[in-house]
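Contents: one structure, followed by commentary.
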Amino acid sequence: MNTIGIGILGAGTVGGTLIRRLVGDHAAISAKTGLDLEVRRIAVREPGKARPFELPGDRIVADPWAVVDDDTVDLVVELMGGRDPAGDLVLAAVEAGKPVVTANKELIAARGPELIAAAERSGVPLLFEAAVGGGIPIIRPISETLAGEQIESVKGIVNGTTNFILTRMAEEGSGFAEALAEAQALGYAEADPTADVEGGDAAAKAAILASLAFGTWVGVDDVHREGIVDITPADMAFAAEFGYVIKLLAIAERLDTGVTARVHPAMIPNAHPLASIRGATNAIFVTGPSIDELLFAGPGAGGEPTATAVLGDVIDAAREHLAHAQVAPRIRFSPGDLIDFSTVSTKWYVRLEVEDRPGVLAQVAGAFGDAGVSIKSVWQEGRGDEATLLIITHRAVEAAQRAAVDAVAELAPVERVAAVIRVESDEP
Ligand SMILES: NC(=O)c1ccc[n+]([C@@H]2O[C@H](COP(=O)([O-])OP(=O)(O)OC[C@H]3O[C@@H](n4cnc5c(N)ncnc54)[C@H](OP(=O)(O)O)[C@@H]3O)[C@@H](O)[C@H]2O)c1
C-alpha cells in the first residue's frame, strides 16, 4: 500500500474538517487514489479541546515543532494560520524534504518567494490551492492549466464577508454597520472584521493571483488597497439607478507598462458576470487572448469546501512524494515592472454636495478639465439650497483623477466630496 504519514498543524475550522475526512473517508479516498493517507500527528493550541474527529490522544500535541520534526511524518499540512510561527514551520518542513500543503494566504503573500525557493532547493512541492477562493479551484488553473496563456487580467470577488455585506446593502438598503452586524451574527464576519472590511484579506489574495497569473512576484505591500467602510446606501442606490452594482474587487492586470494589483470597491455594470455574485460566494474572472474569458465561482470559505481544496493538494503532493519525484515549482518568477497605482487609468464616480445655484456645474467641469479628466456623464438633483451632483468620468490616470477631485473640493460652492468610487467597465 502507498502509505503516507501526514502531520497537521492546526485542527480548527479547516484542519478539524480535513482530519475528520481523512479518517472518516479513508477507505473511499484510498479506493479512488490508491493512497493510504494516515494522520500521524496533529498540533493544536489546546490538545484537551473537543474535536470533530476521533484519533488516539497521543497523536495530538501542543508543540507544532513535534509535528514537523516527527520522523513518521512524510508530509506536513499547515492550517494554523498567521505568519508566525507558521512561516518557520513551513520552511523547516520543506528544508527537511517534506512536501507542504497550506491554506495560509497571509503567509504565502508575505513569504512566498522565500518558501517557494526553499521548496525548489529540496525538490518538494509546496501547494496552496485553498489560499485563494477556498473551495474554488483557481491556483492550479492559473499556474498550471493556463501556464501557456498570456493572462491579461484577473478580477475577483475574493472576500465572502464583504460581498455578503455589500449584497445586503444593495438588496435590503441596509447601512454598512447594520449589514456588518448581520454578517457577524450569521458567522460570516469575525468579531474583529478589520482584515475583511479594510481589504487586507483581499489584498493578500490579489498579490498571490497577480504573482501566479503574470509570473512576476507581487508582494502584499505592492497592492493598492481600499476597503468598503465608506460605502453608503445612497451610493448603492445611485449605482443601481445607473445600472451598476458595487463590489469589492481584487484586480490584477498586465498592461503595456507592467503589472499592477489593487483592491477597492468598484461599480460594475449589471451585465458583468461578477455583478450577479451574491452573498458569501466568491468568483474570479480571468481574461486572456486565447481563452477570452473564464469565470470560476463557488464557496470561497468554510471548513468543508476549503478542506476539499486542501485534500486535493495533499493527494497531489503524496503522489509526487511516492514517485520520489524531484519536484520543480509549478511556476517560476522573473523580475518584472510593477506599476505605481497612480499611473494606472481608471474611471471614477464622484458624488458631490454643492450649492444649488447657476454656474456650479461649469466650475466643477472646469476643474476636471484642467486636471486632464474628461467627464462621461453628469446627473444633478437640486433641493433648493443644496444639490447632489454625480459625475462619472472617462478613463484617466489615477493621479489626474485625484488632482481633479482635490481641486473640486477647494471650489467655494462645493460643500463636500461625499463619495469617490471607481467604475470598472470595458468602456473608455
Ligand atoms: N476558515 C476558512 O474558511 C478558510 C478558508 C480558506 C483559507 N483558510 C486559511 O486556513 C488556515 C486555517 O484557518 P481556520 O479557519 O481553520 O483557523 P482556526 O479555526 O482558527 O484554526 C486554527 C488552528 O490552529 C491551531 N493553532 C493556532 N496557533 C497555534 C500554535 N501556535 N500552535 C499550535 N496550534 C496552533 C488552533 O488550535 P486550537 O484549536 O487549540 O485553538 C486551531 O486548531 C488559515 O491560514 C486561514 O486563512 C481558512
Side-chain angles (χ1 to χ4, degrees), residues 7-21 39 41-53 55 57 59-70 76-90 92-93 100-112 115 126-139 156 158-164 183 186-196 200-205 207-209 220 279-282 284 298-314:
I8 301 177
L9 305 169
T13 305
V14 183
T17 309
L18 174 77
I19 298 164
R20 178 173 55 68
R21 287 172 55 181
V39 180
R41 205 160 284 277
I42 301 161
V44 290
R45 260 184 307 233
E46 291 175 59
K49 204 155 92 181
R51 305 283 166 185
F53 51 83
L55 278 177
R59 293 200 202 171
I60 306 177
V61 296
D63 176 13
W65 290 100
V67 173
V68 171
D69 295 339
D70 186 329
V76 173
V77 185
E78 186 279 301
L79 296 169
M80 58 203 293
R83 292 187 199 188
D84 300 310
D88 291 342
L89 290 158
V90 167
V100 171
V101 173
T102 177
N104 192 336
K105 70 228 132 196
E106 192 190 339
L107 175 62
I108 295 297
R111 290 179 66 179
L115 298 175
L126 168 61
L127 303 180
F128 46 90
E129 178 60 67
V132 181
I136 308 171
I138 186 65
I139 298 294
V158 294
N159 182 275
T161 306
T162 46
N163 202 51
F164 176 87
L186 291 170
Y188 289 124
E190 310 262 337
D192 177 2
T194 313
D196 291 322
D201 172 84
K205 293 167 178 169
I208 295 171
L209 290 173
V220 67
T281 304
N282 280 196
I284 297 150
E304 293 291 348
T306 309
T308 293
V310 174
L311 257 171
D313 277 352
V314 167

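Counting starts at 1 for both ligands and their atoms, following the listed order. Count residues from 1 along the sequence.
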| task | May I ask you to check whether Gly300 has an N/O atom sitting below 3.5 Å from an N/O atom of ligand 1? | result | no

| Gly81 heavy atoms, cut-off 4.0 Å: which ligand 1 atoms fall inside? | 44 (C), 45 (O)

| query | Could you go step by step and tell me if Ile42 and Arg51 meet the side-chain contact (heavy atoms from CB on, under 4.5 Å) rule? | reply | CA-CA 12 Å; Ile42 301 161; Arg51 305 283 166 185; over 6 Å; no

| task | Decide side-chain contact (heavy atoms from CB on, under 4.5 Å) for Phe53 and Leu18; before the verdict, give the C-alpha distance in whole Å, the side-chain angles of both, and the deciding distance to 0.1 Å. | result | CA-CA 9 Å; Phe53 51 83; Leu18 174 77; over 6 Å; no

| task | Would you give the length of the straight line joining atom CZ of Arg111 to atom CG of Asn104, rounded to the nearest 0.5 angstrom? | result | 11.0 Å

| task | Could you tell me whether Ala131 approaches ligand 1 through its side chain, its backbone, both or neither, with non-hydrogen atoms closer than 4.0 Å? | result | neither

| Test: Arg41 and Asp63 ion pair at under 4.0 Å | no

| Thr13 and ligand 1 - part of the residue with a heavy-atom distance under 4.0 Å | both

| note | Among non-hydrogen protein atoms, atom 5 (C) of ligand 1 lies closest to Thr306 OG1, 3.3 Å

| Close-contact set for ligand 1 against Ala11 heavy atoms, below 4.0 Å | 23 (C), 42 (C), 43 (O)

| request: Report the nearest protein non-hydrogen atom to atom 1 (N) of ligand 1: residue, atom name, distance rounded to 0.1 Å. | output: Val14 CG2, 3.7 Å

| request: Side-chain contact test, heavy atoms from C-beta onward, threshold under 4.5 Å: evaluate it for Leu209 versus Val158 and give yes or no. | output: yes

| request: Determine whether Thr306 and Thr13 make a side-chain contact, defined as any pair of heavy atoms from C-beta on separated by less than 4.5 Å. | output: no

| CD1 on Ile8 to CD1 on Ile19, rounded to 0.5 Å | 4.0 Å

| query | Rounded to the nearest 0.5 Å, how far apart are CD1 of Ile60 and CD of Glu46? | reply | 12.5 Å

| field | Contacting atoms of ligand 1, where contact means under 4.0 angstrom from a heavy atom of Ala301 | value | 3 (O)

| field | Check against side-chain contact (heavy atoms from CB on, under 4.5 Å), Ile139 and Asp313 | value | CA-CA 11 Å; Ile139 298 294; Asp313 277 352; over 6 Å; no

| message | For Glu78 and Val68: C-alpha separation, side-chain torsions, deciding distance, then whether side-chain contact (heavy atoms from CB on, under 4.5 Å) applies. | response | CA-CA 10 Å; Glu78 186 279 301; Val68 171; over 6 Å; no

| request: Heavy-atom contacts with Ala130 under 4.0 Å: which atoms of ligand 1 show up? List them by number with element. | output: 6 (C), 7 (C)

| Of Ala103, Gly12, Gly82, Ala50, which has the heavy atom at the shortest distance from atom 7 (C) of ligand 1? | Ala103

| said: Using a 4.0 Å cutoff against the non-hydrogen atoms of Leu79, which atoms of ligand 1 qualify? | reply: 12 (C), 22 (C), 23 (C), 24 (O)

| query | Given Lys105, Glu190, Glu129, Arg83, which one has a non-hydrogen atom that is nearest to atom 46 (C) of ligand 1? | reply | Lys105

| query | What protein heavy atom is closest to atom 28 (N) of ligand 1, reported as residue, atom name and distance in Å? | reply | Arg45 NH1, 3.6 Å

| task | Measure the distance from atom 32 (N) of ligand 1 to every protein heavy atom, then report the residue, atom name and distance (to 0.1 Å) of the closest one. | result | Met80 CE, 3.6 Å

| field | Proximity winner for atom 41 (O) of ligand 1, if only heavy atoms of Glu46, Lys49, Arg51 are counted | value | Lys49

| request: Just jot down the ligand 1 atoms closer than 4.0 angstrom to any heavy atom of Gly302, in number order. | output: 2 (C), 3 (O)

| message | Using a plain distance cutoff, I'd like to know if Gly10 has any nitrogen or oxygen under 3.5 Å from a nitrogen or oxygen of ligand 1. | response | no

| query | Does an N or O anywhere in Pro64 fall below 3.5 Å from an N or O of ligand 1? | reply | no

| Around Phe164, counting heavy atoms of other residues, nucleotides and ligands shown, do more than 12 lie under 6.0 Å from its CZ? | yes

